[in-house]
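Report on the following structure.
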2 protein chains.
Amino acid sequence: MNEVVVLTPERILEATEEVLRRYGLAKATVVDVARALDVSHGSVYRHFPSKASLRQAVAKRWLDRANAPLQKIAESTGPAPARLDKWLRTMIDIKYKKVCEDPEMFATYLTLAQEACEAVKAHKERLVDQVAHIISDGVKQGAFQAADVKTTARAVFDATTRYHHPAHCDDWKDPAKAARVDALLGLLLRGLEAPRKR
Amino acid sequence: MNEVVVLTPERILEATEEVLRRYGLAKATVVDVARALDVSHGSVYRHFPSKASLRQAVAKRWLDRANAPLQKIAESTGPAPARLDKWLRTMIDIKYKKVCEDPEMFATYLTLAQEACEAVKAHKERLVDQVAHIISDGVKQGAFQAADVKTTARAVFDATTRYHHPAHCDDWKDPAKAARVDALLGLLLRGLEAPRKR
DNA sequence: GTGCTGACAGATTTCAATATCTGTCATTCA
DNA sequence: TGAATGACAGATATTGAAATCTGTCAGCAC
């Protein structure tokens, strides 16, 4: 029963992540990936048309993994204000933990993400939709006021940029971060709960 | 009356900006600056101890210039909500115009600012103090609610990061920007005006 | 004396030769 | 027949020698 191990896109992505972790973004080559899988580099090109597309696929995988827990919170039930608070704090935490536990890999993913900016745009769109979903629930529950849910969701997402956008990750070790996040989320939630004028 | 033109720090900074504009950040050398002033490069080192300090001084000048109009608004009188709105929109506009009218020079200043991160920190502190000043007026006027003015000011500053931090300048040409800024500022002002719970 | 110069040492950058990698494809192997 | 190979051309990265720059300082000029 000598199972022949077939070369799948999934296995290639796995190996690519390993190579990126080991060699770093700048030094990782398609030849390295092929070597890790014990195949010729031509075989890799049978599954991915270019090195760029391989990198994109790695970035996409990473974004999908980051998305899953947030999706879950967005789709849960209960009072919207607490849910939005939790969703935002979870997003902030996910990013923070990622950068803490493996800063080099975080930098790698960051660069990959910049290259795959279309995938990032789609990812952000999904996140804003999740916020919109929560806010929409909040409006139904009478807890939130919002003229345009999607626009409001985007405003909330924009307002927290400093704590989830990787460009600001150097600031995340600020010891006053927790207090600043509290102040920011408090301000936003009060803004959502407030009656709109005119 | 053959006035002898003396070499001042101010003249050196002027020449340095000119050299940066002409050659770009990477290629600009102290020798170039000296040549532009028609002196030996040793003379430049009489006024600035190092190339790094010269760059820092250029960055500082730039930050100070950007600060002036905002300071004016912060110190003016009248209803705080409108003043805060104007202050934030002015800050956003200043950055936007800078990046539009000369993107290369903006990139240059951005790198200089990263090097002179202490000066940037001080600059941001000044800006937050201006926001705090406006919010403090708002509280006195009964228009705003704020437990801790400085913390609230920081939250407002943080919340607008996406529209004033240079890391996001690529997003500033988004045609929906104006609408998104409106939504964000509206949300923040409602949050400031809302009564605090508990 | 004060301010500038220009020659210098060590650090940094440039440049061109060399090595490695990306992406293709005719050929092999099961 | 369809996946994998490995040799290849053109693109990209590495390397080390040469050129340039940074920062210092003894000496010159006013």
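Letters A, B, ... mirror the listed sequences (proteins, then strands); counts begin at 1. Note that the structure is a prediction, hence the values are computed from the model and not measured.
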Donor-acceptor pairs under 3.5 Å, side chain of residues 104-116 of chain B to any protein atom, not counting sequence neighbours: which ones?
| unit_1 | atom_1 | unit_2 | atom_2 | d |
| --- | --- | --- | --- | --- |
| B:T108 | OG1 | B:E104 | O | 3.1 |
| B:Y109 | OH | B:E17 | OE1 | 2.8 |
| B:T111 | OG1 | B:A107 | O | 3.1 |
| B:E115 | OE1 | B:R55 | NH1 | 3.1 |
| B:E115 | OE2 | B:R55 | NH1 | 2.6 |

(Q) For B:L184 versus A:A159, what's the shortest heavy-atom pair and its separation? (A) CD1-CB, 3.6 Å
**Q.** Pairs involving residues 76-86 of chain B, ordered by first then second residue, that meet salt bridge (Lys or Arg N to Asp or Glu O under 4.0 Å) (sequence neighbours left out)
**A.** B:R83-B:D137, B:D85-B:R89
Q.
With a 4.0 Å limit, can you tell me whether B:S40 has a side-chain N or O closer than that to the phosphate oxygens OP1/OP2 of C:dT5?
A.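 True: B:S40 side-chain N/O within range (under 4.0 Å) of C:dT5 OP1/OP2.
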(Q) At 10 degrees resolution, what angle do the end axes of the helix from C:dG1-D:dC30 to C:dA30-D:dT1 form when each is taken over five base pairs? (A) 20°
(Q) With ring pair (Phe, Tyr, Trp, His ring centres under 6.0 Å) as the rule and sequence neighbours excluded, what pairs involving residues 17-57 of chain A come up? (A)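 Found none.
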Q.
Once ring pair (Phe, Tyr, Trp, His ring centres under 6.0 Å) is applied, what residue pairs with a partner in residues 135-181 of chain B remain, sequence neighbours excluded?
A. A:H165-B:H168, A:H168-B:H165, A:H168-B:H168, B:F157-B:H164
Q. Tell me: OH of A:Y23 to P of D:dT14, nearest whole Å?
A.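 It works out to 14 Å between those atoms.
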Q) D:dT5 P sits how many Å from A:H47 NE2, rounded? A)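 Those two atoms, NE2 and P, are 10 Å apart.
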Q: Not counting sequence neighbours, which residues clear side-chain hydrogen bond (donor to acceptor under 3.5 Å, both in side chains) with B:D174? List them please.
A: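 Expected list: B:R180.
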Q.
Restricting to side-chain hydrogen bond (donor to acceptor under 3.5 Å, both in side chains), what partner residues turn up for B:R21, sequence neighbours left out?
A. none
Q.
So if I take residues 11-18 of chain B and measure heavy-atom distances to DNA chain C, which residues fall below 4.0 Å?
A. none
Q | For A:D148, salt bridge (charged side-chain N to carboxylate O under 4.0 Å, His left out) partners two or more places apart | A | none
Q. Who are the salt bridge (charged side-chain N to carboxylate O under 4.0 Å, His left out) partners of B:D129, not counting sequence neighbours?
A.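 Residues passing salt bridge (charged side-chain N to carboxylate O under 4.0 Å, His left out) with B:D129: B:K150.
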Q: Do nucleotides 18-25 of chain C as a string where each nucleotide becomes B, S or -: B if the base has a protein heavy atom under 4.0 Å, S if just the sugar-phosphate does, - if no protein is that close.
A: ---SBBB-
Validation: residues 29-38 of chain B side-chain donor-acceptor distances under 3.5 Å, sequence neighbours left out:
| unit_1 | atom_1 | unit_2 | atom_2 | d |
| --- | --- | --- | --- | --- |
| B:T29 | OG1 | B:V31 | N | 3.3 |
| B:T29 | OG1 | B:D32 | N | 3.0 |
| B:T29 | OG1 | B:D32 | OD2 | 3.1 |
| B:D32 | OD1 | B:R35 | NH2 | 2.8 |
| B:D32 | OD2 | B:T29 | N | 3.1 |

